Amino acid sequence: MATFVQTRGLLSLPTNPKSRASLSRHLNPSHGLKNRFISLNPKPISVPSLSSAAKFQPLDSKPKNLFICRAEAAAAADGPAQPAFGEAEAEKPKLLGIEISTLKKIIPLGMMFFCILFNYTILRDTKDVLVVTARGSSAEIIPFLKTWVNLPMAVGFMLLYTKLANVLSKQALFYSVILPFIAFFGAFGFVLYPLSNYIHPEAFADKLLNILGPRFLGPLAIMRIWSFCLFYVMAELWGSVVISVLFWGFANQITTIEEAKRFYPLFGLGANVALIFSGRTVKYFSNLRQNLGPGVDGWAISLKAMMSIVVGMGFAICFLYWWVNNYVPLPTRSKKKKEKPKMGTMESLKFLVSSKYIRDLATLVVAYGISINLVEVTWKSKLKAQFPSPNEYSSFMGDFSTATGIATFTMMLVSQFIFDKYGWGVAATITPTVLLLTGVGFFSLLLFGGPLAPGLAQLGMTPLLAAVYVGALQNIFSKSAKYSLFDPCKEMAYIPLDEDTKVKGKAAIDVVCNPLGKSGGALIQQFMILTFGSLANSTPYLGGVLLLIVSAWLAAAKSLDTQFTALRKEEELEKEMERAAAVKIPVVAENDDGNGSLATGAPLNPTSGDSSSSPSEASSPRNI
């Protein structure tokens, strides 16, 4: 005779679950997905013939005597009861619709990003003025610096960082990296620059230049103004290390994917307010140098003031990092991630090269570096021709930084809609598309500027000035798309990875691949100049190279989108299974007093055996 097991309405807890703690000890946690899902409108389920080992009470016409399934805390004696299915969790406190615990992470991260980019804008604008306007130097030094100085130092830092990551804690690693930057910039403004006339081997460089000829002006300038070149490299590394590795690595550590998708684009809102104000700061000190009297080294005064600001912001970054680590709880990651053993430097590099996911990420970073460098260096050569004075050059760069901040702030507002509406894949393709379209416009103006000269004259501009403005617009739009879309997309792609791949992958990609992209663009330009005689003659070919690089960029973004989506789904499934394993459901029968009692002493999920191996197991509702 068939027997039916029914549920009455939603699964509910008994009125006094703790009184049945002795019964709950017999239960085992659910290990399968099929035990996690219970229909809200259950149908009667036929159970095969019962054996004497499972003695059910006889059914009568009263519905209250039917056996029912109730959700009960399975470990009441061992700890707090687990919430039942369908029971809402206690609502967490919110402010403006955002949980307080989330705001405690997002606000300090936004302030950290503000300070980091404020410093980076000052350093970025200052480094160009130092190396381009110094005596015995010119803009030709920049490609040599990026290729032969910046890249080797970046590789050396990555190797050192990889070793330190194996022996230091995350907090010790953070402080060990950022404090030397703060110390150097403070020392440069107050020690190295005032002593530059004494520590630079200008006389020896002049002798070598007379012997080797003017074609070695760039390499010899690196030796002539070595402290300025060191500042240039440290400023470049600030962008690669402090922004990409330290900040984004920390943000990925304390945020979930859902929080990242919602707030990563918004991190740049406060940061780009800093970009606007730092641009005004650079412009203010540029004008200050002009207003000082003769015989006063205005650049030394303004440099001390700006480096003091950089040091102060650096200590503010350290304080915010300390506060978050001490007062903000970290999110729980999936416990089923494969723990990878500690790897040496060569093992780490081999592992990263063997990962298609990391290779695609590296392609994105290298392609951006090459693409932006192909256009930016050509634009800076026109900028130097238009504004030969260091005061005018620095003042224009201050305006450029402010405009970049305003454009990026606007893009940040739009980026959240793009992520929510179209997803990661579309957002990742916008930056290369913008860079390609604006780059075509810039190179077209360089190629066809002559025929356009009469029309530009009516607008009060020369072809050179028009190229400077169009190139500035190209850099503004490209950088705003990078900060608002490219960087958040790149950092979100790290989140589903395990900790070992995440830490060493970021060090390899952000510290090495970023300068590798810039150096690659510089090498391409050097080859073009040697082959075709000048940058102007190389312009059509540079445009063709730009098209090829952006095409590879778009292909890598499409491949990474597929892999990122798969990893994200896998992590969500693992978290669901972990939550389900913590919930335990016994089967109880209802008594006349309305409370339930265990219908059988058998556990809900037998640890061994199959339903077909023994008739006594037919009473277990494992087929529900």
Side-chain angles (χ1 to χ4, degrees), residues 98 102 105-117 120 239-240 242-275 331 357-358 360-365 367-369 371-372 404-405 407-435 476-497 502 505-506 509-510 513-514 517 553-554 556-558 560-561 563-565 567-568 571:
I98 305 174
T102 300
K105 293 187 288 187
I106 299 305
I107 293 177
L109 284 175
M111 295 174 65
M112 286 180 66
F113 207 30
F114 179 99
C115 296
I116 291 171
L117 280 188
Y120 182 57
S240 299
V242 179
I243 296 178
S244 299
V245 177
L246 297 186
F247 173 78
W248 284 114
F250 180 55
N252 293 341
Q253 177 189 351
I254 68 172
T255 57
T256 63
I257 290 182
E258 291 73 18
E259 290 171 341
K261 186 175 181 180
R262 183 178 182 184
F263 294 107
Y264 271 18
L266 300 181
F267 282 164
L269 289 179
N272 285 283
V273 173
L275 197 62
Y357 196 94
I358 298 298
D360 286 338
L361 269 175
T363 301
L364 263 62
V365 175
Y368 172 81
S371 301
I372 195 67
T404 303
T408 307
F409 187 92
T410 305
M411 283 293 295
M412 289 287 181
L413 297 177
V414 179
S415 61
Q416 187 174 7
F417 168 78
I418 295 175
F419 277 105
D420 291 338
K421 181 71 175 179
Y422 301 103
W424 189 95
V426 173
T429 60
I430 290 179
T431 302
T433 303
V434 169
L435 199 150
I476 289 170
F477 288 137
S478 298
K479 291 181 183 299
S480 63
K482 175 185 184 292
Y483 294 141
S484 60
L485 293 172
F486 179 80
D487 285 345
C489 283
K490 175 169 63 74
E491 301 308 325
M492 287 172 64
Y494 285 109
I495 295 180
L497 300 176
K502 191 183 299 182
K506 283 188 67 61
I509 290 175
D510 295 334
C513 295
N514 188 26
W553 184 353
L554 291 170
K558 182 179 179 180
L560 194 60
D561 181 32
Q563 299 175 74
F564 172 75
T565 303
L567 279 178
R568 182 182 175 187
E571 185 176 44

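We number each residue from 1, following the sequence as shown. What you are looking at is a predicted structure, and each value in this text was computed from that prediction instead of being measured.
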Minimum heavy-atom separation for [X] to [Y], with atom names?
{"X": "L361", "Y": "A493", "value": "CD2-CB, 4.0 Å"}
{"X": "V365", "Y": "K490", "value": "CG2-CD, 3.5 Å"}
{"X": "L485", "Y": "A427", "value": "CB-O, 3.9 Å"}
{"X": "L246", "Y": "V242", "value": "CB-O, 3.5 Å"}
{"X": "A557", "Y": "L364", "value": "N-CD1, 3.7 Å"}
{"X": "L435", "Y": "W553", "value": "CD1-CZ3, 4.2 Å"}

Are [X] and [Y] packed together at the side-chain level, in the sense that at least one heavy-atom pair is separated by less than 4.5 angstrom?
{"X": "C489", "Y": "F419", "value": "yes"}
{"X": "Y422", "Y": "F417", "value": "yes"}
{"X": "L554", "Y": "T433", "value": "yes"}
{"X": "L497", "Y": "I358", "value": "yes"}

Kindly compute the distance separating [atom1] ([X]) from [atom2] ([Y]), expressed to the nearest 0.5 Å.
{"X": "S415", "Y": "D420", "atom1": "OG", "atom2": "CG", "answer": "9.5 Å"}
{"X": "T431", "Y": "K482", "atom1": "OG1", "atom2": "NZ", "answer": "9.0 Å"}
{"X": "T255", "Y": "E491", "atom1": "OG1", "atom2": "CD", "answer": "10.0 Å"}
{"X": "I116", "Y": "F114", "atom1": "CD1", "atom2": "CZ", "answer": "12.0 Å"}
{"X": "T429", "Y": "K558", "atom1": "OG1", "atom2": "NZ", "answer": "11.0 Å"}
{"X": "M411", "Y": "I418", "atom1": "CE", "atom2": "CD1", "answer": "5.5 Å"}

* May I ask you to decide if the ring planes of F113 and F247 are parallel, tilted or perpendicular, using 30° and 60° as cut-offs? => parallel
Discussion item. Using 30° and 60° as the class boundaries, would you call the ring planes of F486 and Y368 parallel, tilted or perpendicular?
Written reply: parallel
For this session: Check the pair Q563, D360 against side-chain contact (heavy atoms from CB on, under 4.5 Å), reporting the backbone distance first and the verdict last.
Result: CA-CA 10 Å; Q563 299 175 74; D360 286 338; 2.7 Å; yes
So, for F564 and W424, is the gap between ring centers shorter than 6.0 Å? yes
Can you tell me if OH on Y357 sees more than 12 non-hydrogen neighbours from other groups inside 6.0 Å?
-> yes
Sorted by chain and residue number, the salt bridge (Lys or Arg N to Asp or Glu O under 4.0 Å) partners of D561 (sequence neighbours excluded) come out as none
